[in-house]
Every structure is written in structure tokens, then in C-alpha cells.
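Read the numbers this way: they start at 1 and go in the same order the structure lists the ligands and their atoms. Quick note: residue numbers are just sequence positions, from 1. From a predicted model like this one, the values you see are computed outputs, not experimental measurements.
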Amino acid sequence: MRKTRAVFVKDVQIGGGAPVAVQSMTKTDTTDVEGTVKQIEEMMRAGCEIVRVAVPDREAAIALKEIRRRVPDVPLVADIHFHYRFALMALDAGVDKLRLNPGNIGAHERVREVVRAAASQRVPIRIGVNGGSLEKDLLARYGTATPEAMVESALRHIQILEDLDFHDTIVSLKASDVRRTVAAYRLLAERVDYPLHLGVTEAGSAFAGSIKSAIGLGVLLHDGIGDTIRVSLAAEPHEEVRVGWEILKSLELRERGVTVVACPTCGRLDIDNFVEIVTEIERRLAHIKEPLHLSIMGCAVNGPGEAHDSDLGVTFGRGVGMIYKNGVPMRKVAGADIVEAFVREAEKLVAEGAYAKHDEPQLVQIT
Ligand code: SF4
């Protein structure tokens with residue numbers, strides 16, 4: 001993993017060797033405190049570790065105080081463009097991080113006021129460079145928002161903070177395509193030791209955007225680049241959080257909740273309604289936070305092997321499911337009763353703490 005300095009967003013450490021944190025952003029009107037708090041709670045249930053809210057106007061900045069009061073334990077980030085006063089109001093409301101580009105909030109005096117206030121509250125600042133809103137002079141010089149232009153923009157903002165002796169900085173460099181995003185982060189990773197917030201911006205629908213994010217973030221994370229991630233989807237924020245976790249779980253960087261190995265099925269399938277069974281088991285176990293490895297296999301070809309590597313497995317044969325616990329065959333259950341029986345066994349395993357027996361010492365578990 002790339003060596004970075006550690007920055008704290010409330011009690012969540014970003015960088016400095018900490019586990020990669022999953023974050024997301026609310027999509028409600030921030031002045032709708034009720035709706036925003038409800039969405040934040042949903043996000044937290046899905047495993048969101050840092051929540052960002054947009055602060056587009058004065059009313060939203062005012063609403064932050066009440067939101068803060070209602071979710072006191074949530075690491076909260078205020079997303080601010082241009083208006084330094086909203087940044088000061090957000091700090092006054094007690095947010096834990098600002099997302100703002102110091103070069104965009106006007107006169108040097110204003111920047112200094114915000115940075116001083118953030119420093120005195122030990123609130124970090126994320127510089128968020130976006131390929132779609134690069135400075136005009138950089139666009140003129142580079143022709144378009146190239147990775148080099150994005151990095152130069154980031155370095156400018158970083159310099160402003162460093163000149164004010166501020167180093168609690170996190171940086172993101174988001175473009176809406178994977179190749180540019182990856183190239184930009186790689187370039188910046190060579191230049192600075194600040195933690196990086198990864199994301200492919202405006203990635204798209206839940207389906208296409210998840211793939212785009214998984215590839216972009218996956219390539220970087222696999223190289224050891226990235227300290228916190230946000231998956232941007234045209235979907236509910238808790239969906240973004242779920243996808244973020246799946247990306248980290250796939251790379252074995254973090255552990256959380258149920259991981260299901262399910263076969264794709266083929267002509268050997270020995271049970272009806274296999275897809276419904278898998279979907280229903282996943283749905284019924286979505287509340288589990290502990291890392292639990294499950295395998296659901298359609299026939300005996302690969303079933304026992306996968307069951308051996310799982311905490312709990314089921315392999316079908318002639319419409320009947322054989323349940324395995326920690327790789328050992330336990331009991332047979334009729335296909336119609338398998339969802340109920342399997343869910344009960346999984347919940348029992350968690351209650352007994354008899355899970356995660358597989359050998360993966362590098363994994364980090366959160367509860
Ligand atoms: S486990 Fe059996 S049913 Fe499933 S894909 Fe493999 S061979 Fe086909």
C-alpha cells in the first residue's frame with residue numbers, strides 16, 4: 001500500500017496505513033433535515049463510514065446544525081463550492097471535514113479565514129478536482145482535461161493550503177472515464193503523500209456505473225493507491241455503499257457482511273428456483289455485519305469443494321440441499337425449505353461467533 005500521511009475525519013483514519021474507508025453522499029435536499037437524516041441512517045446501516053452532504057446555499061448551511069445534532073456520531077462532510085461563508089457556517093455547525101477547493105473560494109483573506117478555522121477545529125479539507133470543472137487557463141494550455149491538467153490543478157490547491165501551513169488534506173481527481181481517472185491518480189500518487197479519495201465521477205446507472213467504478217477503483221486499489229472510496233451512481237446512496245464494499249471485499253482489502261459464492265448454473269443444475277433461492281438468502285442476510293462466507297451450489301460437481309472454503313454451504317442434488325458447516329456435511333433439507341433452514345443456520349453461526357474460519361489474516365473487519 002502507498003505510504004501516506006494519516007488524516008482523521010472524526011474518528012475515522014484516512015491514510016497512514018488505515019483500512020480503505022467507504023463513503024457516500026446524500027441525495028436529498030439538505031434543507032429537508034428529516035429526509036436527509038433518514039437517508040444518512042440508511043447509508044450507515046449499509047456500512048457507510050463517512051457521509052457527505054451538499055451545501056449549495058445558506059439554508060443548507062443553516063440546516064447542517066440540526067443534521068449534526070440528529071446524527072452526532074456520524075463522520076460528516078460538508079461539500080462546498082465557491083462560498084467561503086458556507087464553509088465557516090459548516091465548521092460552526094460541527095462538521096468533521098470540508099470538501100472545497102481553496103482556489104475557488106475567492107480572495108486570499110477568505111481562504112485564510114476558512115483554513116484557520118478548519119485547522120483550529122482539526123477538521124481536514126478534501127480538495128476535489130473534477131475533470132468537468134477545470135480552471136480555464138489549464139484547459140487552454142492542455143487543450144482538454146488531461147490527467148496532467150487535473151494533477152496540476154490539484155497541486156495548485158494543495159500549494160495554497162501548504163502556504164498556510166495546512167496539511168490535513170485529502171485529494172481526489174475525478175474524471176467520468178476510467179482511463180483518465182486512473183492515469184491522473186497514478187500521476188498524483190507519485191507527487192504527494194496526501195491520502196487519496198478515489199472515485200469515478202458521474203459513473204452512470206447502478207449497472208454500468210458499478211462496473212466502471214469497480215474497474216477504475218479496482219485497478220488503483222490493486223496497485224495500493226487509494227485511502228477512501230466513493231462510488232458515484234445514479235441510484236440510492238446505500239446502493240453506492242454496497243458497491244463500494246463489494247469492491248473492497250473482492251480485493252480482500254476489507255471484510256463486512258455476507259459474501260456469497262453462487263454458481264452460475266448450467267445443465268447439471270439439480271434444483272428448481274436456484275436463482276430465487278440465492279437472491280432470497282442474500283436479501284434475508286443483508287443485515288449481518290460480521291464477515292460470513294457462504295456458498296450456494298447447484299450440483300455436486302463443485303459444491304463440496306466450495307463448501308469446504310465457506311463458513312456455511314449448500315449443495316443441491318435431486319432437489320434436496322446438503323448443508324455444510326465449516327466444510328463438514330451437516331444435514332439434508334428439502335429444496336422448498338432450504339431458504340429458511342440456511343438463513344437460520346447462518347444466523348446461528350454469527351450468534352455463536354463460529355464464522356470466518358478460513359485463513360485470511362490480512363482482512364480487516366468492521367462491525
Ligand atoms: S455447480 Fe453444478 S450446476 Fe452449478 S455451474 Fe457448476 S456444474 Fe453447473
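Residue M322 is found in a hydrophobic cluster whose other members, listed by chain and number, are Y324; membership requires side-chain heavy atoms under 4.5 Å apart, directly or through intermediates.
The pair R2-D223 does not meet the salt-bridge criterion, since no charged nitrogen lies less than 4.0 angstrom from a carboxylate oxygen.
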| task | Output, in order, the C-alpha distance, side-chain angles, deciding distance and verdict of salt bridge (Lys or Arg N to Asp or Glu O under 4.0 Å) for D137 and R156. | result | CA-CA 12 Å; D137 67 309; R156 278 183 185 175; 2.5 Å; yes
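Side-chain atoms of R180 and T146 include no donor-acceptor pair closer than 3.5 Å. Side-chain contact annotation: H197 with Q23, donor-acceptor N/O pair under 3.5 Å present.
For atom 8 (Fe) of ligand 1, the count of nearby protein N/O/S atoms, taking only those under 2.8 Å, is 1.
Ring planes of H167 and Y194: parallel class, angle under 30° (limits at 30 and 60°).
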